[in-house]
Number of protein chains: 2
Amino acid sequence: MATLSDVAKLAGVSTATVSKVLSNTPYFTEETRLKVERAIKELNYSPNLPARALASGRTEIIAVVFPYIYDPLFTDPFVLHMLQGIEAVCHERGYNLLLSTPRLTFEGPDDLYLRLLRSHYLDGMIALDNVPLASVSEPARQRDIPCITIGYHATHHYVRTDDHGGGMQAMQHILDLGHRQIGIISVSDSLNIALNHRLTGMRSAAEARGLNYDAFPTAQGDFSVDSGMAEAAALLAQHPDLTALVCLNDRMAMGAIQYIRSLGKRVPEDISVIGYDDIPTAAGFATPLTTIFNQAPTSGQVAAQLLFDLIEGKPVQSVVLPTQLVSRASTAPVSRES
Amino acid sequence: MATLSDVAKLAGVSTATVSKVLSNTPYFTEETRLKVERAIKELNYSPNLPARALASGRTEIIAVVFPYIYDPLFTDPFVLHMLQGIEAVCHERGYNLLLSTPRLTFEGPDDLYLRLLRSHYLDGMIALDNVPLASVSEPARQRDIPCITIGYHATHHYVRTDDHGGGMQAMQHILDLGHRQIGIISVSDSLNIALNHRLTGMRSAAEARGLNYDAFPTAQGDFSVDSGMAEAAALLAQHPDLTALVCLNDRMAMGAIQYIRSLGKRVPEDISVIGYDDIPTAAGFATPLTTIFNQAPTSGQVAAQLLFDLIEGKPVQSVVLPTQLVSRASTAPVSRES
DNA sequence: TCCTTATAGTTAAGCGCTTAACTATTCGAT
DNA sequence: ATCGAATAGTTAAGCGCTTAACTATAAGGA
């Protein structure tokens with residue numbers, strides 16, 4: 001496979017000149033450029049990127065980091081959705097995406113991940129970073145790797161959606177429909193900081209109506225469909241009078257709906273259910289799911305754009321994206337006879 | 001950040017000795033090893049991987065290639081499922097995963113992808129490769145990059161599931177339940193070679209029972225839930241007597257079920273529906289979906305294991321994984337009064 | 001006319017690591 | 001005792017590219 005030196009020989013110039021033409025930096029004549037480009041084409045030359053990385057310190061690789069914890073990472077359509085936004089920007093910029101899925105312990109991310117951070121392979125990274133246990137973006141910041149955090153483990157250079165506002169909208173929607181017997185399906189507060197913000201938003205909305213939020217029965221799932229079913233079962237066993245369930249993600253909402261159906265009850269006629277995230281199957285679900293849209297592809301795309309600004313030394317502001325109620329068929333006014 | 005040279009100075013040996021200790025190649029004494037390891041720890045040294053790649057030709061990077069075509073890649077849980085198997089093996093081997101999503105045209109994969117192939121960044125690759133339009137693994141084979149193909153664009157070094165057998169099982173299941181008024185929801189044969197094999201398997205099973213397969217009405221979706229709904233609508237409008245739908249993936253099956261429900265009909269009492277793939281939401285769907293399990297995580301994992309064998313120069317056999325009927329609640333014997 | 005800056009291209013050092021070839025010593029077999 | 005192979009560690013070349021510093025010429029302003 002051809003090297004820069006081969007191209008230089010064929011074009012009749014030095015390797016430095018070929019390098020200048022490739023990077024379009026001063027100086028060379030148009031005639032020289034054409035000679036070099038002709039040689040590149042004839043030899044089907046591509047730069048050896050390890051050599052370039054060693055010489056220049058630039059790799060054209062971006063790491064996308066998803067901590068490997070809780071509900072298996074690889075069953076969450078939210079992850080794919082976010083990746084979609086990131087991939088689109090990186091492809092446009094000609095960068096390669098390196099996918100990293102560090103396991104987290106009390107001591108922090110695993111060693112393979114830390115070695116990646118020290119490897120000199122990364123021009124930058126985008127990290128989904130909401131697990132209370134440990135931060136994956138903090139070790140990158142400590143090593144001066146340009147890093148955009150999607151989530152809460154950052155004081156600057158982050159993209160978030162307005163989880164607090166989303167929680168408020170979810171609760172307000174249910175309250176506006178007249179519901180007061182409300183169950184909440186959440187997750188352990190050791191799983192995801194974003195969900196804590198959703199909960200505080202929900203609390204704000206309830207207390208603004210003079211309601212005792214702590215009186216709402218709560219169950220903790222683990223994001224999965226199955227856990228949504230199980231926790232709906234537990235909640236409704238103990239509180240058969242509930243007329244609404246607020247679920248902190250769509251998959252638990254779908255599980256809850258399945259369980260409710262299995263009781264012979266109707267959604268939303270007998271019990272309303274609202275989810276969160278607006279994953280791709282939410283709209284097309286048997287009962288199209290009322291949910292909070294949290295802009296997964298947009299946050300991926302915005303994070304990538306901010307990262308390239310950071311890499312290029314431009315000033316970067318953090319971004320909080322708005323959330324938005326998407327009212328579909330799984331919620332309805334509370335029935336008068338219940 | 002420390003280099004090998006810094007480690008050598010602190011340990012009082014040469015850089016060659018440090019390199020021998022790191023790679024555990026002859027010769028060095030145990031005393032020398034301890035001195036080097038102590039220096040590595042004290043300096044928090046990690047190898048500069050571009051430099052190592054340039055010197056040794058080895059990068060510890062595997063590319064995972066998913067062609068970016070048809071139903072958006074990032075809404076297919078099948079992709080995440082397969083990635084899960086690949087990631088597990090690569091993480092265990094200490095390799096990094098580079099995600100590549102080439103756009104395909106008549107001329108082949110896009111230029112960013114081809115440049116990646118020539119970049120010297122890859123120790124090997126795993127390519128999902130079933131789009132008739134162009135192969136993504138063929139350019140890699142032409143460049144002698146160790147490559148395992150998941151799919152049909154390969155004559156060797158591939159992992160496949162038994163799509164033909166899976167198609168047969170799907171059709172046999174429906175026929176065993178007594179159905180003869182059968183609709184088929186497939187996709188354009190320009191989208192995915194694997195589905196053509198499923199169709200030929202279905203044909204085989206039908207013709208083995210003396211049935212005229214071509215008499216079965218067929219519709220073409222695009223893998224998505226929405227297309228499943230739309231094509232079910234079209235089929236049932238033209239053939240209201242259908243008692244079964246065979247769908248070539250789960251998401252179209254889910255869409256079909258939603259449509260059928262919207263007519264006020266029951267699944268499976270009025271119409272049976274079978275899907276294919278067994279994506280994570282198939283089991284937990286409102287009507288747990290009868291489907292064909294095609295081992296996405298296993299094929300990812302097996303592909304990764306074969307790739308490391310290939311990289312290490314071991315002989316590699318191609319693998320065809322069995323498919324398996326998973327009978328759940330969306331299929332039932334044909335009703336007598338229909 | 002002269003001087004400074006810009007243009008054009010080249011030479012060569014170095015990025016950090018691997019490893020072949022080297023020097024020196026030790027060990028085992030004859 | 002001798003010789004060949006193994007052991008231990010070192011020197012230094014080179015992987016392929018970037019780019020600082022260089023040489024040479026041209027151009028523009030005072």
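Chain letters run A, B, ... following the sequence lines, proteins first, then strands; residues in each count from 1.
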Self-check item: Pairing of Arg38(B) and Glu31(B) as salt bridge, 4.0 angstrom limit
Solution: no
Quiz item: Name the one of Cys90(B), Cys147(B), Pro146(B) that satisfies side chain to side chain contact (heavy atoms under 4.5 Å, CB included) with Leu307(B)?
Solution: Pro146(B)
Quiz prompt | Exercise: do Ser5(A) and Thr3(A) side chains pair donor with acceptor under 3.5 Å | solution = no
Practice problem: Just call it for Ser19(B): base, sugar-phosphate, or nothing, with non-hydrogen atoms closer than 4.0 Å on any strand. | Solution: base
Quiz item: In terms of side-chain geometry, is the basic nitrogen of Glu138(A) or Arg143(A) positioned less than 4.0 Å from the acidic oxygen of its partner?
Solution: no
Quiz item: About how many Å separate CD of Glu107(B) and CG of Leu114(B), when rounded to the nearest 0.5 Å?
Solution: 11.0 Å
Practice problem: Report which part of the nucleic acid Thr32(A) touches: base, sugar-phosphate, or nothing (heavy-atom distance under 4.0 Å, all strands). | Solution: sugar-phosphate
Exercise. Looking at every strand, decide which applies to Thr29(A) at a 4.0 Å heavy-atom threshold: base, sugar-phosphate, or nothing.
Key: sugar-phosphate
Exercise. Tell me, please, the opening and closing nucleotides of DNA chain C, 5' to 3', among those with an atom under 4.0 angstrom from a non-hydrogen atom of chain B.
Key: dG16(C) to dT19(C)
Exercise. Remember a base hit wins even if backbone is also touched, and classify Val18(A) as base, sugar-phosphate or nothing at under 4.0 Å, heavy atoms.
Key: nothing
Exercise. Apply the side chain to side chain contact (heavy atoms under 4.5 Å, CB included) test between Met125(B) and each candidate in Leu98(B), Ile62(B), Ile145(B); give the one that qualifies.
Key: Ile145(B)
Self-check item: Salt-bridge criterion met for Glu87(B) and Arg103(A) (N-O under 4.0 Å)
Solution: yes
Practice problem: Answer with yes or no whether the side chains of Ser137(A) and Asp129(A) bring together a donor and an acceptor at under 3.5 Å. | Solution: yes
Exercise. Identify, residue by residue, the members of residues 42-62 of chain B with a heavy atom below 4.0 Å from DNA chain D, and return them in order of residue number, or none.
Key: Leu54(B), Ala55(B)
Quiz item: Under the 6.0 Å and 45° cation-pi test, does Arg93(B) pair with Tyr95(B)?
Solution: no
Practice problem: Would you please indicate yes or no on a ring centroid separation below 6.0 angstrom for His91(A) and Tyr68(B)? | Solution: no
Quiz item: Regarding Arg33(B) and the six-membered ring of Phe28(B), is the cationic atom NZ or CZ under 6.0 Å from the ring centre and inside 45° of its axis?
Solution: no
Dump every N/O contact between nucleotides 3-5 of chain D and the protein below 3.5 Å, one line per pair.
none

Quiz item: Between Thr17(A) and Tyr27(A), who's closer to the 5' end of DNA chain C by nearest nucleotide?
Solution: Tyr27(A)
